[in-house]
Amino acid sequence: MLGYYRIGKVLAVGPPGWRRVITRSPVGIVLRSREAFPPSHPTTRMCLQFALQVLAERPLRRVLDVGCGSGILAVAALKLGASWAVGVDICPRALQISEENSVRNKVADRLHLVRGSTEAVRGSFDLLFANLPVNLLQAKLSEMVRLARKDGFLILSGFQDVDKP
């Protein structure tokens with residue numbers, strides 16, 4: 001992540017070098033992504049735009065971020081008002097980066113990180129993020145539906161032009 005970006009008038013995201021600019025926003029998220037999926041990727045930005053819409057509709061208690069990577073989606077949900085979040089990833093390095101970012105953004109006490117996949121998670125969630133390749137989204141769809149509350153939201157992203165069919 002080289003610079004920062006904004007989502008609407010509320011949310012600003014960027015690396016520590018942009019902290020002074022980011023913290024002027026109503027909700028600022030300071031991230032280091034290193035080897036994790038880039039937090040400035042267009043699919044991540046779309047997830048954040050949808051999260052702003054969902055969280056404007058009603059407060060959410062529990063959020064799940066499947067394939068959490070840098071932790072950006074879980075951290076954003078927490079900073080936007082969610083009470084508690086779970087980030088799940090199969091990569092230990094991604095979980096370490098997510099933990100560092102949760103501490104950096106002062107939400108570590110409300111983020112629980114799990115190594116594994118959706119099968120390692122129990123309970124139901126008001127909002128579930130999955131920004132994954134389409135083949136994984138298809139394979140995990142029933143698991144994600146199982147984890148979403150009946151009146152919950154699924155934000156699924158990661159589709160590419162080649163996935164159109």
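These numbers were taken from a predicted model, which means no experiment stands behind them.
- No side-chain donor-acceptor contact under 3.5 Å links D126 to the backbone of G152.
- Counting all heavy atoms, side chain and backbone alike, G28 lies closest to K79 at O-NZ, 2.6 Å.
- A side-chain N or O of T43 and one of N131 form a donor-acceptor pair less than 3.5 Å apart.
- Put simply, the side chain of L48 reaches to within 4.5 Å of the side chain of L11, judged on heavy atoms.
- The shortest distance between side-chain heavy atoms of L113 and Q96 does not fall below 4.5 Å.
- Between the side chain of R20 and the backbone N or O of G17, no donor-acceptor pair lies under 3.5 Å.
- Proximity of a side-chain donor or acceptor of K140 to a complementary backbone N or O of T118 within less than 3.5 Å is not detected.
- Remark: side-chain polar atoms of D89 are paired, donor with acceptor, to backbone N or O of C91 under 3.5 angstrom.
- Counting heavy atoms from C-beta outward, C68 and L95 have side chains that approach closer than 4.5 Å.
- Separating the CG atom in L52 from the SG atom in C47 is a distance of 11.5 Å, to the nearest 0.5 Å.
- In this structure, R110 contributes its side chain and A82 its backbone to a donor-acceptor pair below 3.5 Å.
- Salt-bridge check for E143 with R146: passed, with a basic side-chain N closer than 4.0 Å to an acidic carboxylate O.
- Remark: the backbone N or O of G71 is not paired with any side-chain donor or acceptor of N101 at under 3.5 angstrom.
- Contact of the K150 side chain with the S124 side chain is not registered, since no non-hydrogen atoms from C-beta on lie closer than 4.5 Å.
- R115 has its side chain within reach of P92: a pair of non-hydrogen atoms, C-beta onward, lies under 4.5 Å apart.
- Between F129 and V63 there is a side-chain heavy-atom pair separated by less than 4.5 Å.
- More than 12 non-hydrogen atoms from other residues, nucleotides or ligands lie less than 6.0 angstrom from CG of L136.
- Taken from CD1 in I155 to CD in Q49, the straight-line distance is 10.5 Å, to the nearest 0.5 Å.
- E100 has its side chain out of reach of R32: every pair of non-hydrogen atoms, C-beta onward, lies at least 4.5 Å apart.
- Put simply, the side chain of I22 does not reach to within 4.5 Å of the side chain of V13, judged on heavy atoms.
- S70 places no side-chain N or O within donor-acceptor distance of the main-chain N or O of S98, the cut-off being under 3.5 Å.
- Atom OG1 of T44 is separated from atom NE2 of H41 by 7.0 Å, given to the nearest 0.5 angstrom.
- In this structure, the separation between CZ on R61 and CZ on F125 is 10.0 Å, given to the nearest 0.5 Å.
- Using cut-offs of 30° and 60° on the angle between ring planes, the pair W84 and H112 is parallel.
- Here S102 contributes atom OG and I72 contributes atom CD1; the two are 13.5 Å apart, rounded to the nearest 0.5 Å.
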